[in-house]
Colleague: 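One structure coming up, written as structure tokens, with questions to follow.
Just so you know, ligand 1 is whichever comes first in the structure, and atom 1 is the first atom listed for that ligand. Computed from heavy atoms alone, side chains included, the values below leave out hydrogens, waters and symmetry copies.
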Amino acid sequence: MTEKNLFARLRQGLAKTRLQMATDVPAGQSIEDAIENIEDGLLMADVGLDTTAKIMAKFRLTLDLVLKNNQPVVLANILKQTLFELLEPSNKPIILGRTKPFTILIVGVNGAGKTTTIGKLAKRFKANRKSVMLAAGDTFRAAAVEQLTTWGERNDIPVVAQDTGADSASVIYDGLSSATARGIDVFIADTAGRLHTQNDLMAELQKVKRVMQKLASETPHEILLVLDASMGQNALRQAQEFNRTMGVTGLCITKLDGTAKGGVVLAIADQLGLPIRYIGVGESIDDLQVFDAMQFASALAGAEPQ
Ligand SMILES: Nc1nc2c(ncn2[C@@H]2O[C@H](COP(=O)(O)OP(=O)(O)O)[C@@H](O)[C@H]2O)c(=O)[nH]1
Ligand SMILES: [Mg+2]
């Protein structure tokens with residue numbers, strides 16, 4: 001896909017969240033009214049009070065500058081620039097480097113999109129001529145192991161799995177040993193999103209991390225938290241909780257296409273400062289995009305990326 005097509009998909013995916021009001025001030029509307037519309041739009045898109053206040057303060061500073069310099073007022077461009085500055089620190093894609101295998105532990109609640117994201121990531125790495133191995137670490141749900149193994153068979157990607165109910169940490173340990181022995185480039189481990197209680201889940205995930213570190217102390221190289229954007233502000237709270245217990249190193253924010261709450265990406269960038277690695281804007285493989293702050297800000301503000 002070309003850069004232009006990817007942006008078109010991103011725009012389409014963010015259509016429900018787009019801050020529609022941020023185009024030129026319609027005839028008869030005052031700038032003050034237009035600004036108020038933008039603020040309402042941010043709040044409705046689940047950006048949250050704190051981050052909205054921050055964005056609006058910056059927005060007004062930039063607007064004042066534009067007015068002082070007698071430049072034409074294009075609110076969409078001012079908004080784009082403001083959002084870009086907020087998102088820019090989170091614009092840090094994964095870099096594999098020379099580590100072999102580069103080890104990614106996927107975490108997140110049930111239904112966030114972990115397993116489908118693993119499939120998309122595996123295909124992406126393979127297309128870049130990397131060898132990939134997966135581990136079916138969600139051993140809690142019967143269908144979960146099968147979902148990943150069937151997918152692996154169909155796509156010719158090896159999957160290490162045991163029966164449902166097996167110890168997640170031991171499946172992932174076996175997988176990592178095997179990936180190391182076979183000189184695999186990228187090893188990705190799936191995990192459960194729900195056990196009997198939230199504490200059980202966090203304890204299990206911490207155990208997985210410890211067990212991996214017994215094999216190779218610097219692993220996992222990436223703890224990638226998958227968040228469902230349609231959870232809005234709840235996604236922010238999940239991220240805080242996972243980060244506290246697991247030490248998250250990167251985020252993948254899915255399902256931006258189905259929701260008007262995509263503004264939570266701004267809240268997450270502002271309040272957590274964690275790298276946003278990928279975003280999901282649809283079901284197809286091309287819809288898992290590497291996060292790009294300028295493209296995202298532009299698509300949200302209804303402006304062209306410069
Ligand atoms: N529309 C849309 N659906 C998604 C996206 N990512 C995942 N899904 C869907 O979300 C559902 C749950 O995904 P799954 O990977 O099984 O979640 P898991 O429980 O975290 O492993 C599936 O139906 C996926 O197709 C996305 O970016 N956009
Ligand atoms: Mg799953």
Side-chain angles (χ1 to χ4, degrees), residues 1 6 8-18 104-124 134-152 154-155 157 159-166 168 171-172 175 188-195 198 200-202 204-205 208 222-232 234-235 238-239 241-242 246 248 250-265 268 276-292 295-296 299-300:
M1 258 208 187
L6 281 173
R9 288 198 91 110
L10 175 63
R11 259 189 73 92
Q12 194 190 348
L14 292 180
K16 288 191 181 155
T17 302
R18 184 167 310 118
I104 305 175
L105 182 67
I106 306 281
V107 299
V109 304
N110 266 356
K114 291 184 296 302
T115 310
T116 37
T117 297
I118 290 172
K120 290 173 184 171
L121 280 180
K123 281 194 178 168
R124 179 184 278 272
L134 310 178
D138 182 357
T139 53
F140 190 68
R141 286 196 296 177
V145 175
E146 204 186 297
Q147 189 187 355
L148 203 64
T149 47
T150 317
W151 186 90
R154 223 182 294 135
N155 292 281
I157 291 172
V159 179
V160 173
Q162 289 173 25
D163 291 336
T164 308
S168 176
V171 174
I172 293 173
I188 311 176
D190 200 2
T191 61
R194 197 192 143 73
L195 294 186
Q198 185 74 358
D200 286 348
L201 175 64
M202 293 302 169
E204 170 162 300
L205 293 176
V208 167
E222 175 84 353
I223 298 181
L224 186 69
L225 172 64
V226 180
L227 295 169
D228 174 349
S230 70
M231 306 298 288
N234 274 330
Q238 278 171 21
E241 159 106 20
F242 273 93
M246 289 298 288
V248 170
L251 303 171
C252 171
I253 304 172
T254 63
K255 302 194 204 179
L256 281 158
D257 51 306
T259 182
K261 296 181 179 174
V264 70
V265 173
I268 287 170
I276 301 173
R277 310 292 198 186
Y278 301 96
I279 51 168
V281 291
E283 302 267 8
S284 94
I285 168 112
D286 287 320
D287 294 331
L288 184 77
Q289 300 197 352
V290 173
F291 178 70
D292 179 302
Q295 304 259 322
F296 193 87
L300 214 52

Colleague: Is the backbone N or O of Val281 less than 3.5 Å from a side-chain atom of Gln289, with the two atoms forming a donor-acceptor pair by type?
Modeller: no
Colleague: Using only atom types and a distance under 3.5 Å, with no angle test, would you say the side chain of Arg9 pairs donor to acceptor with the backbone of Gly282?
Modeller: no
Colleague: Go through the side-chain N and O atoms of Asp228 and Ser230 and say whether any donor and acceptor fall under 3.5 Å apart.
Modeller: yes
Colleague: Step by step, work out the side chain to side chain contact (heavy atoms under 4.5 Å, CB included) result for Ile106 and Cys252.
Modeller: CA-CA 10 Å; Ile106 306 281; Cys252 171; over 6 Å; no
Colleague: Could you list which atoms of ligand 1 come closer than 4.0 Å to a heavy atom of Gly280?
Modeller: 27 (O)
Colleague: Just to be sure I read this right, does ligand 1 sit under 4.0 Å from the backbone of Arg141, its side chain, both, or neither, counting only heavy atoms?
Modeller: side chain
Colleague: Of the protein's non-hydrogen atoms, which lies at the shortest distance from atom 17 (O) of ligand 1, and what is that distance?
Modeller: Gly113 N, 3.1 Å
Colleague: Does ligand 1 have any atom sitting under 4.0 Å from a heavy atom of Gly258?
Modeller: no
Colleague: Does the residue Ala112 have a heavy-atom contact with ligand 1, meaning some pair of atoms that are separated by less than 4.0 Å?
Modeller: yes
Colleague: What protein heavy atom sits nearest atom 6 (N) of ligand 1, and how far away is it?
Modeller: Thr254 CB, 3.8 Å
Colleague: By number and element, which atoms of ligand 1 are closer than 4.0 Å to a non-hydrogen atom of Thr115?
Modeller: 15 (O), 21 (O)
Colleague: Backbone N or O of Gly137 within a donor-acceptor pair of the Ser168 side chain at under 3.5 Å?
Modeller: yes
Colleague: Give the single entry among Gln147, Arg194, Lys255 that approaches atom 11 (C) of ligand 1 most closely by any heavy atom.
Modeller: Lys255
Colleague: For the side-chain contact (heavy atoms from CB on, under 4.5 Å) test, which of Leu227, Val226, Ile223, Leu225 pairs with Phe242?
Modeller: Leu225
Colleague: Applying side chain to side chain contact (heavy atoms under 4.5 Å, CB included) to Thr116 and Trp151, what does each step give before you reach the verdict?
Modeller: CA-CA 9 Å; Thr116 37; Trp151 186 90; over 6 Å; no
Colleague: List the closest protein heavy-atom neighbour of atom 7 (C) of ligand 1: residue, atom name, distance to the nearest 0.1 Å.
Modeller: Thr116 OG1, 3.3 Å
Colleague: Can you report which non-hydrogen protein atom sits closest to atom 1 (N) of ligand 1, along with the distance?
Modeller: Asp257 OD2, 2.7 Å
Colleague: Identify the closest protein heavy atom to atom 12 (C) of ligand 1: which residue and atom is it, and at what distance?
Modeller: Gly111 O, 3.7 Å
Colleague: Below 4.0 angstrom from a heavy atom of Val109, which ligand 1 atoms are there? Numbered from 1 as shown, please.
Modeller: 20 (O)
Colleague: In ligand 1, which numbered atoms sit nearer than 4.0 Å to a non-hydrogen atom of Asn110?
Modeller: 19 (O)
Colleague: Is the backbone N or O of Phe291 less than 3.5 Å from a side-chain atom of Arg277, with the two atoms forming a donor-acceptor pair by type?
Modeller: no
Colleague: Is a donor on one side and an acceptor on the other found under 3.5 Å between the side chain of Thr149 and the backbone of Val159?
Modeller: no
Colleague: Within a distance of under 4.0 Å, is there any protein heavy atom near atom 21 (O) of ligand 1?
Modeller: yes
Colleague: Does the shortest distance from the Mg ion (ligand 2) to an N/O/S atom of Thr115 fall below 2.8 Å?
Modeller: yes
Colleague: Looking at Leu300, is its backbone amide N or carbonyl O close enough to the side chain of Thr17 to form a donor-acceptor pair, meaning the two atoms are under 3.5 Å apart?
Modeller: no
Colleague: Go through the steps for Asp190 and Lys114 under the test salt bridge (Lys or Arg N to Asp or Glu O under 4.0 Å), then give the verdict.
Modeller: CA-CA 7 Å; Asp190 200 2; Lys114 291 184 296 302; 5.6 Å; no
Colleague: Which protein heavy atom lies closest to atom 3 (N) of ligand 1, and at what distance to 0.1 Å?
Modeller: Glu283 OE2, 3.6 Å
Colleague: List ligand 1 atoms under 4.0 Å from Lys114, heavy atoms only on the residue side.
Modeller: 15 (O), 17 (O), 18 (P), 19 (O), 20 (O), 21 (O)
